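This one's a predicted model, so the numbers in the text were calculated from it and none came from an experiment.
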Amino acid sequence: MEAEKVVELKRVALKLRSNVLEMVGVGKAGHLGGSSSLAEITAVLYFHKMRLNPKDPKDPKRDRFLLSKGHAVLIQYAALVELGYFPREELKKVKTLEGILQGHPDLKTPGIEAVTGSLGQGLSIANGMALALRLEKNPARVYVIMGDGELSEGQLWEAAMASANFKVDNLVGIVDYNKIQATGPIKEVFDTGDIPSKWKSFGWHVIEIDGHDIPQIAKALDEAETVKGKPTVIIAHTVKGKGFSFAENSAAYHNAALTEELYKQAQEELRKQGELL
Amino acid sequence: MMIKLETKSLREAYGLCLVELGKRSKDVVVLEADLGKSTRTVLFKEAFPDRFFEMGIAEQNMASTAAGFALAGKIPFYNSFAVFASGRAFDQIRNSICIPKLKVRICGSSCGLSDFGDGKTHQSVEDVAILRAIPNMTILSPADAVETVMMMEAMLAVDGPVYIRINRNDLPIVTPENEPYRIGKIWELRKGKDVAVFATGYMVKKALEAAEVLSHEGIEVRVLNVSTIKPLDVKAVISHTKGVKGIVTVEEHSIIGGLGSAIAEALRKEAHPPIEFIGIQDKFGTSAKAYEELLEAYGLTSKAIADSVRSLVGR
């Protein structure tokens, strides 16, 4: 990937974090941690990799982006608004009766592909989509992002077996491996063990990357496209709350309200990160 | 009729119709959880192997995968025994399927007590109750093979999820073959002014038998087949109860949350005569050596219906 493109995508990731921050706002709860750990991955997918048609969100040829960890939907809204799927005013109405942006992914929102948020269901839905696309000989691809805490849901492993059984290779799983779940570090709360080995033993092609390194993300997504006859999962090592010093590697901002002071600090930190680009 | 019916088996009729629907629409796909020989999806597998997906014994994954198929424009039918198709996958039905109102068809086979030998773990006495509580869901409960075919023919057009409850055993035909059918229809299978009996599934036949006996005693029973339990035709329910001395509901399901509850809810704003619920009395099923023997043990008989009607008319 060219250096210029990398910088451009870094700017996009910052913009996405800034949009997330705007939606979290002051005094309202919002999933800051698990949304910001996905900023670079979302930037590369939506602004580089995926074939999209924002003018026709239902275009059958579009690639699909699903958040199995639906609570991080703010990062998807952040990208969709930049691409023009809905007007910017909607960000202010997130999680209100007046808006179209629900607390978890909902088909009310243009660009949202499935209802997720009850954890563990996204990979199954993605498998169904991928199998349907294969029946239609439609080249579109399905990207599904799972949380690491979410990997304790049994249904995900049923789905992981199904992807391998059906040799689903038009689907890419991405694990947001930030190592912290809602109430604390995964190692302490509910240790899910050796994640890469688990996926390998379930018959997946496994790629491990730094989930904040844009060239690594892009390269892994390209590699996934070359793998035939089996599904690919990208284990993305990430930092929960990335980009916000007070929230990094902390369970406290999984879903928390910001004070006015912290909100200003967060804005300032993003501004400084922008200056360094 | 969509197919020439030479069977009294609801599940055979279901399987044959799946094949016919597969011919009519290339979008029909079938998902199975290792019970295809019993649910009769094996017929679809033989006809359309590319559109048949054996999902293994993993009902939750099957339900959400069906949602994915529907989101990509397919009309998936997923299949298992009723108890697993509904209860094992409740949250997936609710979140993956019903919130987005997807065109997923769920076949709950071997419903009620109809899998008499396998006992309580495999018998479904709560499936209608739990699924009825989910918004956007349509719930069908055919009385026989003829009605199963009619429902299958009407099913593709329904905008949203549909659950169909299929009995395991061959059942006598009660549905008039040449009458028009639509989802939501309440069939008046016997006219009568004294008591209205709302029945569903195999219990429609039991109600007709009871009505025949009662007629000889001078009690005329109106027998109604409520085969669409949700959405319920509330107006029809109200009009069928005008002027009767009593109402009986009969279902092979718990009396909590099923047909009886739905009828009582429909009548809640009306002045209405007493309602008697015949069904499974807040109990699990059990193993038995024969279906009729099991129904008798749970009071799901024409005699029980007749006794209930007699008490409502004061005899």
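When atom types are taken as modelled, the side chain of A:T96 and the backbone of A:G99 share a donor-acceptor pair closer than 3.5 angstrom. Put simply, the side chain of B:T148 never gets that close to the backbone of B:P142: no donor and acceptor are under 3.5 Å apart. Side-chain atoms of A:H31 do not come within 3.5 Å of backbone N or O of A:N255 as any donor-acceptor pair. For the pair B:H122 (side chain) and B:V83 (backbone), a donor-acceptor distance under 3.5 Å is absent. Side chain of B:S25 to main chain of B:G22: no donor-acceptor pair is present (N/O by atom type, distance under 3.5 Å, no hydrogens or angles). Panel note: side chain A:K198, backbone A:T192; a donor-acceptor pair is recorded below 3.5 Å.
For the residue pair A:Q181 and A:H254, no side-chain donor N or O sits within less than 3.5 Å of a side-chain acceptor on the partner. A donor and an acceptor atom, one from each side chain of B:T39 and B:S109, are nowhere located under 3.5 Å apart. Using modelled atom types and a 3.5 Å distance limit, the side chains of B:D91 and A:Q121 yield a donor-acceptor pair. In this structure, a donor-acceptor pair under 3.5 Å is present between the side chains of B:S96 and B:S64.
Among B:R11, B:R165, B:R168, the one residue that satisfies the side chain to side chain contact (heavy atoms under 4.5 Å, CB included) test with B:S114 is B:R168.
Other residues, nucleotides and ligands contribute more than 12 heavy atoms inside 6.0 Å of the NZ atom of A:K93. Within 6.0 Å of CZ on B:R132 lie more than 12 heavy atoms contributed by other residues, nucleotides or ligands.
Residues of residues 46-82 of chain A never come closer than 4.5 Å to chain B when only heavy atoms are counted. Along residues 150-157 of chain B, no residue comes nearer than 4.5 angstrom to chain A, judged on non-hydrogen atoms. Scanning residues 153-167 of chain A against chain B with a 4.5 Å non-hydrogen threshold yields A:Q155, A:E158, A:A159, A:A162, A:N165, A:F166, sorted by number. Residues of residues 41-55 of chain B having a heavy atom under 4.5 Å from any heavy atom of chain A, listed by number: B:D50, B:R51, B:F53, B:E54, B:M55.
Most heavy-atom pairs under 4.5 Å with chain A, from the set B:L71, B:I99, B:L102: that is B:L71. Between chain A and the options B:I97, B:V29, B:T65, the largest number of non-hydrogen pairs under 4.5 Å is found for B:T65.
Once rounded to the nearest 0.5 Å, the distance linking CG of B:N79 with CD1 of B:I164 reads 10.5 Å. From A:I174, atom CD1 reaches atom OG1 of A:T42 across 8.5 Å, with rounding to the nearest 0.5 Å. With rounding to the nearest 0.5 Å, the separation of CG in B:N61 from CG in A:L123 is 7.5 Å. Here the CE-CG distance, from A:M23 to A:L101, works out to 7.0 Å after rounding to the nearest 0.5 Å. Atom CD1 of residue A:I235 and atom NZ of residue A:K200 lie 8.5 Å apart, to the nearest 0.5 angstrom. Rounding to the nearest 0.5 angstrom, the gap separating the OH atom in B:Y78 from the CD1 atom in B:I106 is 4.0 Å.
For B:K101, no part lies under 4.5 angstrom from a heavy atom of chain A. When heavy atoms are compared at a cutoff of 4.5 Å, A:L131 approaches chain B by way of both its backbone and its side chain. The part of A:E113 that comes within reach of chain B is its backbone (N, CA, C, O), which places non-hydrogen atoms under 4.5 angstrom from that chain.
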